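Below you will find the structure I want to go over with you.
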Amino acid sequence: MRLVVSSKSLKTLLVASKDKPTIAKIHALMILTGIFGHGNSNAKLILSYARLGHIESARQVFDKSPQRGVDAWNAMIIAYSGRGAMFEALSLYHRMASEGVRPDSSTYTVVLKACTRSLDLRSGEETWRQAVDQGYGDDVFVGAAVLNLYAKCGKMDEAMRVFDKMGRRDLVCWTTMITGLAQNGQAREAVDIYRQMQKKRVEGDGVVMLGLIQACTTLGHSKMGLSIHGYMIRKDIIMDVIVQTSLVDMYAKNGHLELASCVFRKMLYKNVISWSALISGFAQNGFAGNALQLVVDMQSFGYKPDSVSLVSVLLACSQVGFLKLGKSVHGYIVRRLHFDCVPSTAVIDMYSKCGSLSSARTVFDQISFRDLISWNAIIASYGIHGSGEEALSLFHQMRETKVKPDHATFASLLSAFSHSGLVEKGQYWFSVMVNEYKIQPSEKHYACMVDLLSRAGRVEEAQELIDSMITEPGIAIWVALLSGCRNHGKFLIGEMAAKKVLELNPDDPGIYALVSNFFATARRWDEVAEVRKIMKKTGMKKVPGYSVMEVNGKLHAFLMEDKSHHQYEEIMQVLGKLDYEMKAMGYVPKTEFVLHNLEEEVKERMLCNHSERLAIAFGLLNTGPGTRLLITKNLRVCGDCHEATKFISKIVNREIVVRDVKRFHHFKDGVCSCGDYW
DNA sequence: TAGCCTCACC
């Protein structure tokens with residue numbers, strides 16, 4: 001019996017084959033039947049081997065082909081480029097000419113793709129020039145590839161130059177521009193290009209919409225995002241898992257978690273990325289508990305968390321001080337996944353925000369590759385723990401590497417100086433930032449400097465600095481100035497700062513307390529009454545303060561006057577006993593931190609029931625003598641609680657660490673590491 | 001033959 005095998009059927013089999021032995025059999029059959037060596041059969045074989053990762057076999061086919069058409073060369077370049085072997089891909093491309101094979105449109109496209117993968121702008125531009133020389137300058141495939149090269153290398157100006165000159169543009173060219181602009185932080189320009197595209201009556205598909213959704217995400221334009229979503233539904237544009245995931249991401253990043261969850265729930269097909277998008281949305285918006293619950297849910301649906309979703313878990317852990325879970329996630333990533341730059345930075349941040357600065361440092365010292373963000377994270381870690389000198393020393397080490405400090409590095413460094421009271425160092429490095437690094441100071445940088453100068457009593461200099469600002473100073477700056485004025489009795493400047501603070505109407509009751517205290521210190525009772533009036537009007541709607549503490553691997557959260565806790569009675573007994581001992585040692589409740597019109601005794605009781613106080617008492621009840629307590633608070637620690645915690649640390653002979661929204665307070669033996677200025 | 005999704009510091 002004679003077996004008839006057609007070239008076409010073998011090629012179809014090749015595309016469908018899922019393992020090397022099958023391909024090898026078809027390969028053998030091709031040789032036996034004489035198909036091998038004709039047409040582009042060798043190219044198909046090369047691609048099939050490469051698809052399954054057998055690059056050596058692919059190369060053997062290439063080397064043993066009796067004649068190699070341009071398809072075989074292209075296939076081999078794709079094979080190398082897909083494996084990240086850029087050098088081999090490029091050398092093949094260079095060899096083609098010497099072997100008398102003329103590159104075609106595909107060759108330029110795949111070589112440009114290879115250059116894009118390795119971000120090799122120089123080779124890419126050279127390839128593009130050669131493509132133009134050979135008459136492929138108007139080819140939309142080559143054009144889209146060069147636009148993508150520029151976009152991925154962050155050269156959108158260059159991309160725009162090429163795009164403007166293009167004789168023909170297909171949908172992919174438009175999309176590459178829109179996506180490229182959106183991903184390079186030029187979201188407005190992305191929208192402009194889309195408008196141009198509409199004018200030319202080019203219909204957008206899901207991928208174009210995805211670029212626009214990303215633009216909405218960065219611009220924070222949820223309204224526009226919503227209208228794009230509606231447009232896709234009306235126009236029946238297919239929303240695949242990628243487009244749906246970016247919708248989830250867009251809604252979540254813009255704070256619309258219900259909408260994000262709603263899109264997510266309606267997704268028929270989900271993947272780990274869509275879960276991660278939702279989880280990170282909750283974590284980034286401060287809903288640590290929901291984020292953690294979602295990770296449990298995703299596992300029950302059979303999805304295994306990857307390093308991206310676990311980074312969000314770490315973020316949630318750092319928010320609430322969940323050291324135990326953070327530690328186990330760290331271990332899991334190290335053992336099972338890739339512990340590269342992003343997860344290691346998240347781990348550093350988690351340890352430092354959970355109070356373990358030394359663990360953060362150990363991880364930082366062990367990682368082999370440190371990028372800008374890892375340096376920023378470790379510098380910030382020392383800053384929030386009040387170690388300005390160590391932050392500076394790390395900054396010096398960073399300057400010895402190739403990594404260039406950015407605005408965030410200086411924000412962390414200056415904040416470290418302000419938390420450590422290093423005024424001259426702050427001034428010096430602020431001027432270095434502006435003059436040497438040409439970084440335009442932002443609101444955060446100014447706030448650090450104003451804080452630094454004001455706490456040293458140099459409020460006039462602080463005011464001069466504020467006057468030199470080009471942008472309108474925000475609340476953080478006026479609050480910093482006001483604190484200094486209050487502490488140093490500078491009433492004239494302070495009054496102006498207080499008025500500014502009230503105009504800006506902050507959300508934080510602690511800030512109203514500061515303003516009220518300032519006026520009380522200046523004996524300006526009318527203004528004190530005015531602040532109370534504002535508080536009464538808006539104050540009751542403020543974010544409720546809560547404190548979180550981990551005991552035996554479980555998190556316990558406390559709200560102010562929280563009676564729901566099963567140990568509430570015991571907690572109140574502990575607090576009562578402590579109150580008695582504290583008063584005997586000279587503690588006087590700072591009732592000015594309660595701004596309601598209440599009797600003194602009631603105010604005192606309210607102070608006593610602040611969430612951080614409840615958490616401390618709970619910690620004392622449930623941990624052994626001498627154990628360090630770590631409490632995480634969502635707002636700034638209250639001034640009276642700060643005073644009380646100092647006394648408590650001495651009475652119970654414990655180290656009490658409180659992390660508030662700004663920094664760490666290490667209370668030990670009646671003293672706080674912040675030096676009573678925060 | 002093409003273009004596309006999630007994560008770290010401030």
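Worth saying up front: this structure is predicted, and the values here are computed from it rather than measured. Sequence lines set the chain letters: A, B, ... in the order given, protein chains first and strands last, and positions in each chain run from 1.
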- [ ] Have a look at A/Cys173 and say if it touches a base, only the backbone sugar-phosphate, or nothing, with a 4.0 Å heavy-atom cut-off.
- [x]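 Contact class for A/Cys173: none.
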TODO: Measure from the side chain of A/Asn148, starting at C-beta and using heavy atoms only, and say which of B/dT6, B/dA8, B/dG3 lies closest.
DONE: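 Selected nucleotide (nearest to the side chain): B/dG3.
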Task: B/dT1 base stacked by A/Phe141 (centroids within less than 5.5 Å, tilt under 30°) - done: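 Ring-base stacking flag set for A/Phe141 and B/dT1.
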- [ ] Establish whether the base of B/dG3 is bridged to the side chain of A/Asp205 by a donor-acceptor pair shorter than 3.5 Å.
- [x]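 Yes, the side chain and the base share a sub-3.5 Å donor-acceptor pair.
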Task: Any A/Lys353 side-chain N or O less than 4.0 Å from OP1/OP2 of B/dC10 - done: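 For B/dC10, OP1 or OP2 has a side-chain N or O of A/Lys353 closer than 4.0 Å.
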- [ ] Would you indicate what A/Gln183 reaches in the nucleic acid, counting non-hydrogen atoms under 4.0 angstrom: base, sugar-phosphate, or nothing?
- [x]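 It contacts sugar-phosphate atoms only.
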Open item on the list: Just N and O in the side chain of A/Lys253: are any of them under 4.0 Å from OP1 or OP2 of B/dC7?
Closed with: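 Yes, because at least one side-chain N or O of A/Lys253 sits under 4.0 Å from OP1 or OP2 of B/dC7.
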Task: A/Gln284 vs B/dT6: side-chain N/O to OP1/OP2 distance below 4.0 Å - done: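 Checking B/dT6 against A/Gln284, no side-chain N or O comes under 4.0 Å of OP1 or OP2.
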Open item on the list: For the backbone of A/Gln319 and the side chain of A/Arg659, can you confirm whether one donor and one acceptor N or O come within less than 3.5 Å of each other?
Closed with: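 Confirmed, A/Arg659 side chain pairs with A/Gln319 backbone.
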- [ ] Write down the distance between CD1 (A/Ile367) and P (B/dC9), rounded to a whole number of angstrom.
- [x]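 For the pair A/Ile367 CD1 and B/dC9 P, the rounded distance is 14 Å.
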TODO: For B/dC10, take OP1 and OP2 only and decide whether either is under 4.0 Å from a side-chain N or O of A/Lys662.
DONE: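 A/Lys662 to B/dC10 OP1/OP2: no side-chain N or O under 4.0 Å.
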Open item on the list: Heavy atoms from C-beta onward define the side chain here; which of B/dC4, B/dT6, B/dG3 lies closest to that of A/Ile273?
Closed with: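 It is B/dT6.
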TODO: Would you classify A/Ala408 as touching base, sugar-phosphate or nothing, given that sugar-phosphate means primed atoms plus P, OP1 and OP2, and contacts are heavy atoms under 4.0 Å?
DONE: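 Here A/Ala408 touches the bases of the nucleic acid.
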- [ ] Could you please name the option among B/dC4, B/dA2, B/dC7 that lies closest to any side-chain atom of A/Val172?
- [x]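 Shortest atom-to-atom distance from the side chain points to B/dA2.
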Task: Protein-nucleotide distance (A/Phe282, atom CZ; B/dC7, atom P), rounded to Å - done: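 Result: 15 Å.
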TODO: Go through the side-chain N and O atoms of A/Asn148 and A/Thr176 and say whether any donor and acceptor fall under 3.5 Å apart.
DONE: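 Side chains of A/Asn148 and A/Thr176: no pair found under 3.5 Å.
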Open item on the list: Base, sugar-phosphate or nothing for A/Asn74? Non-hydrogen atoms, less than 4.0 Å.
Closed with: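 The answer is nothing, as A/Asn74 stays clear of every strand by at least 4.0 Å.
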Task: A/Phe395 CZ to B/dC10 C1', straight-line distance once rounded to whole Å - done: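 After rounding, the gap between these two atoms is 14 Å.
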Open item on the list: Nearest whole Å is fine: how far is B/dC4 P from A/Met177 CE?
Closed with: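 Taking atom P of B/dC4 as the reference, CE of A/Met177 is at 14 Å.
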TODO: For A/Asp406, report the nucleic acid contact type (base, sugar-phosphate, nothing); a contact means any heavy atom under 4.0 Å.
DONE: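 Here A/Asp406 touches no strand at all.
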Task: Electrostatic pair A/Glu436-A/Arg399, nearest N-O below 4.0 angstrom - done: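 A salt bridge is present here (some side-chain N lies under 4.0 Å from a carboxylate O).
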Open item on the list: Counting distance alone, no hydrogens or angles: does the base of B/dG3 have a donor or acceptor under 3.5 Å from a partner atom on the side chain of A/Thr175?
Closed with: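 Donor-acceptor pair under 3.5 Å: yes.
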Open item on the list: Using whole Å, what does the distance between atom C1' of nucleotide B/dT1 and atom CD1 of A/Ile77 come to?
Closed with: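 About 14 Å, once rounded to whole Å.
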Open item on the list: Using the side-chain heavy atoms of A/Ser246, tell me which of these nucleotides is nearest: B/dC5, B/dC10, B/dA8.
Closed with: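 In terms of side-chain proximity for A/Ser246, the closest of B/dC5, B/dC10, B/dA8 is B/dC5.
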Open item on the list: Once rounded to the nearest 0.5 Å, what's the spacing between atom CD1 of A/Ile367 and atom OG1 of A/Thr345?
Closed with: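 Rounded to the nearest 0.5 Å, the CD1-OG1 separation comes out at 5.5 Å.
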Open item on the list: Looking only at the side chain of A/Lys152 (C-beta and beyond, no hydrogens), which of the listed nucleotides B/dC7, B/dC10, B/dC4 gets closest?
Closed with: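 Closest nucleotide among those given: B/dC4.
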Open item on the list: Base, sugar-phosphate or nothing for A/Ser106? Non-hydrogen atoms, less than 4.0 Å.
Closed with: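 It contacts base atoms.
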TODO: Look at the side chain of A/Ile373 and decide which nucleotide, out of B/dA8, B/dC4, B/dG3, has an atom nearest to it.
DONE: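 In terms of side-chain proximity for A/Ile373, the closest of B/dA8, B/dC4, B/dG3 is B/dA8.
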- [ ] Locate the shortest heavy-atom distance separating A/Ser356 from A/Leu323; write the atom from each residue and the value.
- [x]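 Closest pair (atom of A/Ser356, atom of A/Leu323, distance): OG-CD2, 3.8 Å.
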Task: Rounded interatomic separation in angstrom, taking CG from A/Asp138 and P from B/dA2 - done: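 Answer to the nearest Å: 21 Å.
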TODO: Respond yes when some side-chain nitrogen or oxygen of A/Lys270 is under 4.0 Å from OP1 or OP2 of B/dC5, and no when none is.
DONE: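 For B/dC5, OP1/OP2 do not have a side-chain N/O of A/Lys270 under 4.0 Å.
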Task: Out of B/dC9, B/dC7, B/dG3, whichever nucleotide has its closest atom nearest the side chain of A/Lys113 - done: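 Comparing B/dC9, B/dC7, B/dG3 against the side chain of A/Lys113, the answer is B/dG3.
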Task: Separation of B/dC9 C1' from A/His407 NE2 (nearest whole Å) - done: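 It works out to 9 Å between those atoms.
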- [ ] Ignoring backbone atoms, establish whether A/Gln244 has a side-chain N or O less than 4.0 Å from OP1 or OP2 of B/dC5.
- [x]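 Answer is no, no contact under 4.0 Å.
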Open item on the list: In this structure, how many angstroms lie between the P atom of B/dC7 and the CE atom of A/Met298, rounded?
Closed with: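 A/Met298 atom CE is separated from B/dC7 atom P by 14 Å.
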Open item on the list: Would you call the rings of A/Trp275 and A/Phe264 parallel, tilted or perpendicular, taking 30° and 60° as the class edges?
Closed with: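 Rings of A/Trp275 and A/Phe264: perpendicular, over 60°.
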TODO: Please check if atom OH in A/Tyr303 has more than 12 non-hydrogen atoms from other residues, nucleotides or ligands closer than 6.0 Å.
DONE: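 Yes.
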Open item on the list: At 4.0 Å (heavy atoms only), tell me whether A/Leu171 reaches a base, stays on the sugar-phosphate, or touches nothing.
Closed with: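 It contacts base atoms.
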